[in-house]
Amino acid sequence: MRPFLFLGTRAEDEVAQQEYDAVLAGTGLRPDELVRVRLEAGPLGAIDLDDWSGIILGGGPFNRSDPDEEKSLVQHRVEAELHDLAERVVATDHPFLGACYGIGVLGSRAGGVVDRTYGEPVGALPVRLTPEGLEDPLFGRLPEVFSAFLGHKEAVSRLPEGGVLLASTDTCPVHAFRLGRNVYATQFHPELDAAALCDRLDAYSAHGYYEPHELEPLKATAREAMVIEPVRLLARFVELYART
């Protein structure tokens, strides 16, 4: 089997490893079958799409809608690299699944708008599939309504050209969409469980996702949430796109 490529952007080693381990577990792949590149640590380099069964992009602290003058040199580099990669992925309809940060990468291309209109606080919310989501080869394995962990400052307020809406919450109209037949972005985190979310809450305490007094209640709510369906997207992605 040709391996899958995992792209991460998290600078904190422990959180980055936890995210990668969670994606490994969700996909059922071995490390040699899911090759990781940490974009925050160095340039992406040349990527031959034919070398990979598919590409998975994780989440991270970068926001496409951050003012340009507030972005670090690393963020500017990562955004430019992912923009170029996304253009190639969409042009060839190469299998791609961008979780959370994928919304900023794919949602801002070709007439799409990513802004702060539909941010949602950290927690678990019911996500509802659209009729197109129910018929989609990747998302159609999920129930029509399922709980997912999320927490984001930005979101898609206008889909890019050709975008097919797959899922929404009551407070965020675009929680997943597809471009072409094989290119996907989700606003929620398919890899997250309660323990991992609690660890991320600790790691990103200074990133403005919550007030200090909200930390322990958020953790308690996360531990009580029944979030079991989203991770199935990862295994299904591999099932659909693994190539020899």
Side-chain angles (χ1 to χ4, degrees), residues 7-12 15-16 19 38-41 43-44 55-90 96-125 127 130 148-179 183-192 197 200-201 203-211 214 218 230:
L7 302 177
T9 62
R10 300 184 186 278
E12 303 82 8
V15 178
E19 178 184 50
R38 292 181 62 175
L39 297 177
E40 87 293 343
L44 175 60
I55 300 171
I56 299 173
L57 172 66
F62 298 151
N63 290 284
R64 181 70 178 81
S65 59
D66 290 337
D68 282 345
E69 65 274 12
E70 295 180 9
K71 295 176 181 178
S72 67
L73 292 177
V74 171
Q75 183 172 351
H76 279 294
R77 172 181 59 77
V78 169
E79 285 185 357
E81 291 173 334
L82 289 176
H83 171 79
D84 292 345
L85 180 63
E87 291 296 304
R88 294 171 56 208
V89 162
V90 172
F96 181 95
L97 176 61
C100 194
Y101 193 31
I103 286 285
V105 172
L106 294 176
S108 57
R109 65 175 308 281
V113 175
V114 176
D115 57 26
R116 305 293 175 111
T117 304
Y118 296 110
E120 293 175 303
V122 176
L125 285 178
V127 177
T130 65
F149 285 126
L150 51 89
H152 53 102
K153 299 175 183 178
E154 66 181 10
V156 171
S157 59
R158 185 174 70 220
L159 279 170
E161 295 174 11
V164 177
L165 181 63
L166 302 175
S168 306
T169 64
D170 288 343
T171 46
C172 181
V174 180
H175 248 277
F177 67 92
R178 187 186 73 237
L179 295 171
V183 180
Y184 293 89
T186 73
Q187 185 68 78
F188 61 87
H189 287 271
E191 84 287 355
L192 269 185
L197 177 59
R200 288 190 197 175
L201 285 168
Y204 293 117
S205 59
H207 286 252
Y209 289 101
Y210 61 87
E211 297 297 326
E214 297 176 316
L218 284 172

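No hydrogens, no waters, no symmetry mates; every other heavy atom, side chains included, goes into these values.
For R10 and E40, the salt-bridge test fails: no basic side-chain N is under 4.0 Å from an acidic carboxylate O.
Counting heavy-atom neighbours within 6.0 Å of F149 CZ, excluding the residue itself, gives a total above 12.
The shortest side-chain heavy-atom distance between L57 and L97 does not fall under the 4.5 Å cut-off. For the pair F96 and L106, the minimum side-chain heavy-atom distance is below 4.5 Å. Counting heavy atoms from C-beta on, the side chains of R64 and Q75 never come closer than 4.5 Å. Between Y184 and L166 there is a side-chain heavy-atom pair separated by less than 4.5 Å. Put simply, the side chain of I55 reaches to within 4.5 Å of the side chain of V89, judged on heavy atoms. For the pair S108/V113, no side-chain contact is recorded, criterion being any heavy-atom separation below 4.5 Å from C-beta on. Taking the side chain as every heavy atom from C-beta outward, Y118 and S157 approach each other to under 4.5 Å. Using a 4.5 Å heavy-atom cutoff, the side chains of T130 and V164 are not in contact.
In this structure, the side-chain hydrogen bond (donor to acceptor under 3.5 Å, both in side chains) partners of E154, at least two apart in sequence or on a different chain, are S65. Residues forming a salt bridge (charged side-chain N to carboxylate O under 4.0 Å, His left out) with E81 (at least two apart in sequence, or on another chain): R77. For D170, the side-chain hydrogen bond (donor to acceptor under 3.5 Å, both in side chains) test picks out no residue, with sequence neighbours left out. Looking at residues two or more places apart in sequence or on another chain, you find no ring-ring contact (aromatic ring centres under 6.0 Å, His included) involving H189.
Ring geometry for H175 versus H152: interplanar angle over 60°, hence perpendicular rather than tilted (30 to 60°).
Distance alone, capped at 3.5 Å, is enough to place a donor-acceptor pair between the R158 side chain and the G111 backbone. Judged by distance alone, the side chain of E79 and the main-chain N or O of H76 form no donor-acceptor pair under 3.5 Å. Although no hydrogens or angles enter the test, the distance criterion places no donor-acceptor pair under 3.5 Å between the side chain of Q187 and the main chain of V174.
Expressed to the nearest 0.5 Å, how far CG of D84 lies from CG of L44 amounts to 9.5 Å. Here the straight-line distance linking atom CZ of F62 with atom CG of L82 works out to 9.5 Å at 0.5 Å rounding.
Closest non-hydrogen pair, P230 versus A148, comes out as CG-CB, 3.7 Å. Between A11 and R38 the shortest heavy-atom distance is O-NH2, 3.4 Å. Heavy-atom minimum distance, L165 versus F177: CA-CB, 4.3 Å. Taking all atoms of both residues into account, the shortest heavy-atom contact from T9 to P61 is O-CD, 3.9 Å. The heavy-atom pair separating K153 from N63 by the smallest distance is CD-ND2, 3.9 Å. Of all heavy-atom pairs spanning V78 and L39, the tightest one is CG2-O, 3.7 Å.
Within the structure, salt bridge (charged side-chain N to carboxylate O under 4.0 Å, His left out) contacts touching residues 110-123 (residues at least two apart or in different chains) are D66-R116. Counting only residues at least two apart or in different chains, salt bridge (charged side-chain N to carboxylate O under 4.0 Å, His left out) contacts with residues 99-114 comprise E87-R109.
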